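Contents: one structure, followed by commentary.
Numbers here are sequence positions counted from 1. Being a predicted model, the structure only gives us computed values, none of them experimental.
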Amino acid sequence: MLTHMLSEGKPQKQICQVVLDHFEKQYTKELGEAWSTVREVLTSPLCWQYAVLLNKFSYSSELENNLHLKGYLSLFQETLPYLPGSLKCYISRTPGRFPAQKHQIGKLKEYYLLNAASLLSVLALEIKDGERVLDMCAAPGGKSIAMLQCAWPGHLHCNEYDSLRSKWLKQTLESFIPEPLMNLITLSELDGRQIGDLHPELYDKVLLDAPCSNDRSWLFSSDIQQATLRLIQRKELSSLQVQLLRSAIKALCPGGSVIYSTCTLSKAENSDVISHILSSCSNILPVDISELASVVSDEFSLVAGVQPHELLVLPAKGKAWGPMYVAKLKKT
């Protein structure tokens, strides 16, 4: 394992060589020359950047001024197809992490730290006030929080199958969302594959941020045996993702839309999943998100030559966001 050192000499994170070797083989084939730059960023945590999403339910002008003083800029400077004024997110051009905020009982947190690319799935979903929304695999909760910055859903269903992650999700939401608004939110621990049958044609919008081979975290697996097992089981993930997406489609009312997103570069878990659904579901159409991709291309490094209904963010130097795949589908 290769060890990265912090400036003061403390060991930071160790790269898991078995995962890197696996990625090297696959992504050289899938991404070509782009992989070497992506690999450099993914394996160098000191290059990583973190965005600061402000919480409109606990707004602090002092915090916003502080961000400006530290050189942070508004993430979305251009006019997007959908960008509520209540969604405020700041980024720094230089790597580093704004200090995390400790939880204080009775006081909502003022900001949430996240990978800026994860906001693209929320923006692509285009939530409007009063809509019924399902966040199918919602932990740790960042995307749910971002959705609630954008609009007031008539009902938001946040589901997380894993019980530990579900507790984390509940704590996160309670730290950011005022109690009266929590009444509009349903939390559940259902198997996402069953939600379509349990709640057919109920939701206007569904976000499926699917379980995937999380490239960033897998590269730093501390347990080599677990990493090796993950790589073996990786082949089965696309089957699970297809099942979850089919369930999400069942849960959508006609005319509703679903966003499918992952934080992997893997073609098998991204465009192949969408192609499978489009070729096997006659009531599903792709939705063009190329305008969104075009407008955010200054801030994010995007793969060229993808279909109009999808985008793929590649981590790059100075734009160390992603990996993030986003695709949008509509039910007729």
Side-chain angles (χ1 to χ4, degrees), residues 49-60 63-64 67 72 74-76 80 82-91 97-162 164-189 192 203-210 214 259 261-263 321-322 324 326:
Q49 291 161 272
Y50 298 85
V52 182
L53 176 68
L54 302 194
N55 184 14
K56 72 176 183 183
F57 305 111
S58 183
Y59 175 73
S60 162
L63 167 64
E64 204 161 9
L67 287 165
Y72 278 74
S74 178
L75 172 59
F76 302 111
L80 298 184
Y82 168 87
L83 182 62
S86 52
L87 181 75
K88 289 188 172 186
C89 186
Y90 285 87
I91 58 164
R97 188 175 188 143
F98 198 73
Q101 207 172 10
K102 288 189 170 66
H103 178 64
Q104 292 176 274
I105 293 168
K107 193 171 187 292
L108 296 177
K109 290 187 179 181
E110 294 171 357
Y111 59 91
Y112 186 90
L113 300 178
L114 77 173
N115 185 322
S118 60
L119 288 177
L120 297 178
S121 56
V122 174
L123 290 171
L125 197 55
E126 300 190 1
I127 295 167
K128 296 177 179 65
D129 288 349
E131 289 183 326
R132 289 159 302 180
V133 181
L134 167 64
D135 190 350
M136 192 179 252
C137 305
K143 292 183 179 71
S144 291
I145 287 165
M147 284 189 231
L148 291 163
Q149 305 304 312
C150 293
W152 296 79
H155 179 231
L156 175 61
H157 179 179
C158 298
N159 181 69
E160 177 53 53
Y161 187 39
D162 182 283
L164 272 177
R165 285 171 62 83
S166 181
K167 285 188 184 118
W168 185 11
L169 168 66
K170 184 173 186 287
Q171 286 172 351
T172 303
L173 288 171
E174 288 173 349
S175 297
F176 284 88
I177 309 304
E179 210 171 318
L181 192 55
M182 285 297 292
N183 295 331
L184 299 177
I185 301 171
T186 300
L187 293 167
S188 66
E189 293 182 18
Y203 302 99
D204 301 296
K205 303 275 168 73
V206 177
L207 172 62
L208 170 55
D209 189 38
N214 182 330
I259 292 292
S261 63
T262 72
C263 52
W321 314 115
M324 181 61 59
V326 178

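- Here the closest heavy-atom approach between residue Ala100 and residue Tyr111 is recorded as C-OH, 3.8 Å.
- Under the 4.5 Å side-chain criterion, counting only non-hydrogen atoms from C-beta, Tyr112 is in contact with Thr172.
- Between Ala138 and Cys158, the shortest heavy-atom distance links the atoms CB-CB, 4.0 Å.
- Asp204 places a side-chain N or O within donor-acceptor distance of the main-chain N or O of Arg132, the cut-off being under 3.5 Å.
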message: I'd like to know whether Ser58 forms a side-chain contact (heavy atoms from CB on, under 4.5 Å) with Lys109, so could you lay out the CA-CA distance, the side-chain angles of the two residues, the decisive distance to 0.1 Å, and finally the verdict.
response: CA-CA 7 Å; Ser58 183; Lys109 290 187 179 181; over 6 Å; no
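- Of all heavy-atom pairs spanning Leu125 and Val206, the tightest one is CD1-O, 3.6 Å.
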message: Apply side-chain contact (heavy atoms from CB on, under 4.5 Å) to residues Val52 and Leu113 and explain how you reach the verdict.
response: CA-CA 5 Å; Val52 182; Leu113 300 178; 3.8 Å; yes
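- Summarising the geometry of Ala116 relative to Ile91, their closest heavy-atom pair is CB-CG2, 4.4 Å, with the distance given to 0.1 Å.
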- request: Show the numbers, then the answer: is there a side-chain contact (heavy atoms from CB on, under 4.5 Å) between Val133 and Leu207?
  value: CA-CA 8 Å; Val133 181; Leu207 172 62; 5.9 Å; no
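- Going from atom CG of Leu53 over to atom NZ of Lys88 covers 11.5 Å, rounded to the nearest 0.5 Å.
- When every heavy atom of Lys170 is checked against every heavy atom of Glu174, the shortest pair comes out as NZ-OE2, 2.8 Å.
- Taking CG from Leu173 and CD from Gln171, the interatomic distance works out to 10.5 Å, rounded to the nearest 0.5 Å.
- Between Leu87 and Val122, every side-chain heavy-atom pair lies at or beyond the 4.5 Å cut-off.
- The closest side-chain heavy-atom distance from Phe98 to Leu63 is below 4.5 Å.
- The distance from the OH atom of Tyr90 to the CZ atom of Phe76 is 12.5 Å, given to the nearest 0.5 Å.
- Note: Tyr72 OH to Cys89 SG = 10.5 Å, rounded to the nearest 0.5 Å.
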Would you be so kind as to tabulate the donor-acceptor pairs closer than 3.5 Å made by side chains of residues 139-156, with sequence neighbours excluded?
unit_1: Lys143; atom_1: NZ; unit_2: Asp209; atom_2: OD2; d: 3.0
unit_1: Ser144; atom_1: OG; unit_2: Asp135; atom_2: OD2; d: 2.6
unit_1: Gln149; atom_1: OE1; unit_2: Lys56; atom_2: N; d: 2.7
unit_1: Gln149; atom_1: NE2; unit_2: Asn55; atom_2: OD1; d: 3.1
unit_1: Gln149; atom_1: NE2; unit_2: Ile145; atom_2: O; d: 3.4
unit_1: His155; atom_1: NE2; unit_2: Thr186; atom_2: OG1; d: 2.6

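- The line from CD of Glu189 to NZ of Lys167 is 7.5 Å long, rounded to the nearest 0.5 Å.
- In this structure, the separation between OH on Tyr50 and CG on Asn115 is 9.0 Å, given to the nearest 0.5 Å.
- Residues Glu160 and Ser166 come closest through the heavy atom pair CG-N, 3.6 Å.
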